[in-house]
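Heads up, the thing below is written out as structure tokens.
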Amino acid sequence: MTQIPHAEQLGRARTAADFAAIRALLDTDLNDAIARKGELETEKFHAIFGAGNLTAARAALDDCNAEIALIEKTIENADERRVGAPLDEPPAEAVAATPAPGDEVRTKAEALGERWRTVHWLIEQLRQELFAADALSRAVTAANGLFDADGAVGLKVNLTTIRRTAMAGPRAAAPSRLSRPAIQADRLLLSFLSPGGVLDRRPAIGAPVDGIKSKFIPAGERG
């Protein structure tokens with residue numbers, strides 16, 4: 001997808017109601033694309049093990065990821081324009097008037113509600129991605145077990161390395177003034193990205209971690 005989704009409707013949108021209608025269309029497009037991404041990831045996984053065309057599967061998945069990124073960017077743009085848009089079209093004869101007391105607070109309250117709706121939507125998308133990642137992780141773990149049984153240890157995949165590599169990258173700096181609940185929520189979110197966080201498997205006692213051998217000596221091996 002190279003064309004902005006619903007570009008014509010976005011160009012005509014003027015009121016908050018217009019942008020809300022477009023947002024609903026974009027949400028549907030995004031959910032469909034995410035569902036398709038899950039199917040393509042499954043096809044790619046099967047292709048890795050010889051059941052399909054890996055090149056075609058990768059290309060289709062790349063196209064789907066680009067589509068999702070474009071839809072998400074369009075949603076962000078629509079949300080930004082919606083915050084400053086009037087609730088209704090003003091009549092042609094309307095003239096500029098001094099804002100009534102409380103208008104600014106109501107505008108901020110509406111923007112806050114929109115932010116929380118976005119947070120809710122993002123959390124639900126994150127849950128779907130985690131569910132899909134867990135299914136793929138279990139499939140790879142099962143394949144690793146088969147490789148062990150067949151003595152093909154060299155074919156095994158290190159799930160921890162894959163996750164840490166995927167999670168590596170720049171992170172947004174938290175603002176200097178942040179409420180205590182927001183700090184706690186931020187730490188929880190960062191725990192999904194950080195090594196040793198909630199998604200990291202706990203290594204067995206004495207097992208090497210990141211290539212560093214433990215100094216722990218099992219009781220049966222002590223002199």
Side-chain angles (χ1 to χ4, degrees), residues 1-2 4-5 19 23 26-27 29-38 40-42 44-45 48 58 60-84 108-141 157-204 207-214:
M1 176 187 290
T2 55
I4 296 176
F19 288 111
R23 173 63 187 269
L26 290 168
D27 282 346
D29 291 347
L30 185 61
N31 287 334
D32 291 342
I34 289 173
R36 189 162 63 256
K37 176 183 176 181
L40 292 172
E41 286 177 334
T42 300
K44 178 184 174 182
F45 175 76
I48 289 174
R58 283 175 172 166
L61 185 56
D62 288 344
D63 289 343
C64 188
N65 284 330
E67 179 182 354
I68 290 173
L70 181 57
I71 295 173
E72 289 175 339
K73 187 65 178 178
T74 306
I75 287 175
E76 181 181 347
N77 177 264
D79 285 343
E80 289 175 354
R81 294 175 61 187
R82 178 181 178 183
V83 171
K108 290 182 177 180
E110 290 172 3
L112 177 61
E114 186 61 35
R115 291 290 182 181
W116 282 125
R117 281 188 286 274
T118 301
V119 168
H120 173 270
W121 177 82
L122 288 171
I123 289 174
E124 287 303 313
Q125 299 308 309
L126 173 61
R127 293 180 68 222
Q128 290 185 31
E129 290 296 323
L130 286 172
F131 297 156
D134 183 69
L136 289 170
S137 177
R138 286 185 282 109
V140 173
T141 299
V157 175
N158 189 315
L159 293 172
T160 300
T161 298
I162 290 177
R163 193 190 69 77
R164 291 187 179 183
T165 301
M167 294 295 192
R171 300 178 187 175
S176 56
R177 299 182 62 182
L178 202 61
S179 68
R180 181 170 295 179
I183 291 174
Q184 293 173 340
D186 185 50
R187 287 174 178 170
L188 176 61
L189 291 173
L190 287 176
S191 72
F192 287 90
L193 303 177
S194 304
V198 295
L199 293 180
D200 256 348
R201 298 170 178 266
R202 291 185 177 274
V209 177
D210 288 343
I212 301 174
K213 189 174 181 181
S214 172

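This chain uses plain numbering: 1 for the first residue, then up along the sequence.
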Which heavy atom of [X] sits nearest a heavy atom of [Y], and at what distance?
X      : Y      : answer
Cys64  : Ala33  : SG-O, 3.3 Å
Leu193 : Arg171 : O-NH2, 3.5 Å
Ala78  : Phe19  : O-CD2, 3.9 Å

Salt bridge or not between Arg23 and Glu114? Use side-chain N to carboxylate O under 4.0 Å.
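Yes, this pair counts.
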Do Arg127 and Glu124 sit within salt-bridge range, that is, some charged N less than 4.0 Å from a carboxylate O?
yes
Rounded distance [0.5 Å steps], [atom1] in [X] versus [atom2] in [Y]:
X      : Y      : atom1 : atom2 : value
Asp186 : Leu178 : CG    : CG    : 6.5 Å
Lys44  : Leu136 : NZ    : CG    : 10.0 Å
Glu129 : Leu126 : CD    : CG    : 8.0 Å
Ile183 : Arg180 : CD1   : CZ    : 7.5 Å
Asn65  : Lys37  : CG    : NZ    : 4.5 Å

For Arg117, look at atom CZ and say whether over 12 heavy atoms of other residues, nucleotides or ligands are found less than 6.0 Å away.
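Check passes, neighbour count above 12.
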Any [X] side-chain heavy atom under 4.5 Å of [Y] side chain:
X      : Y      : answer
Arg36  : Leu40  : yes
Thr118 : Glu76  : no
Ile75  : Asp79  : yes
Val119 : Ile123 : yes
Ile71  : Asp27  : no

Test side chain to side chain contact (heavy atoms under 4.5 Å, CB included) on Met167 and Leu199 and set out the steps.
CA-CA 11 Å; Met167 294 295 192; Leu199 293 180; 4.1 Å; yes
Let me know which of Asp32, Leu26, Ile34 forms a side-chain contact (heavy atoms from CB on, under 4.5 Å) with Leu30.
Ile34
Is it the case that the side chain of [X] and the backbone of [Y] share a donor-acceptor pair, with hydrogens and angles ignored and the cut-off at 3.5 Å?
X      : Y      : value
Ser137 : Asp134 : no
Asn77  : Lys73  : no
Ser194 : Leu190 : yes

Got a sec, which residues hit side-chain contact (heavy atoms from CB on, under 4.5 Å) with Ser179, two or more places apart in sequence or on another chain?
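For Ser179, the residues satisfying side-chain contact (heavy atoms from CB on, under 4.5 Å) (neighbours in sequence not counted) are Pro181, Ala182.
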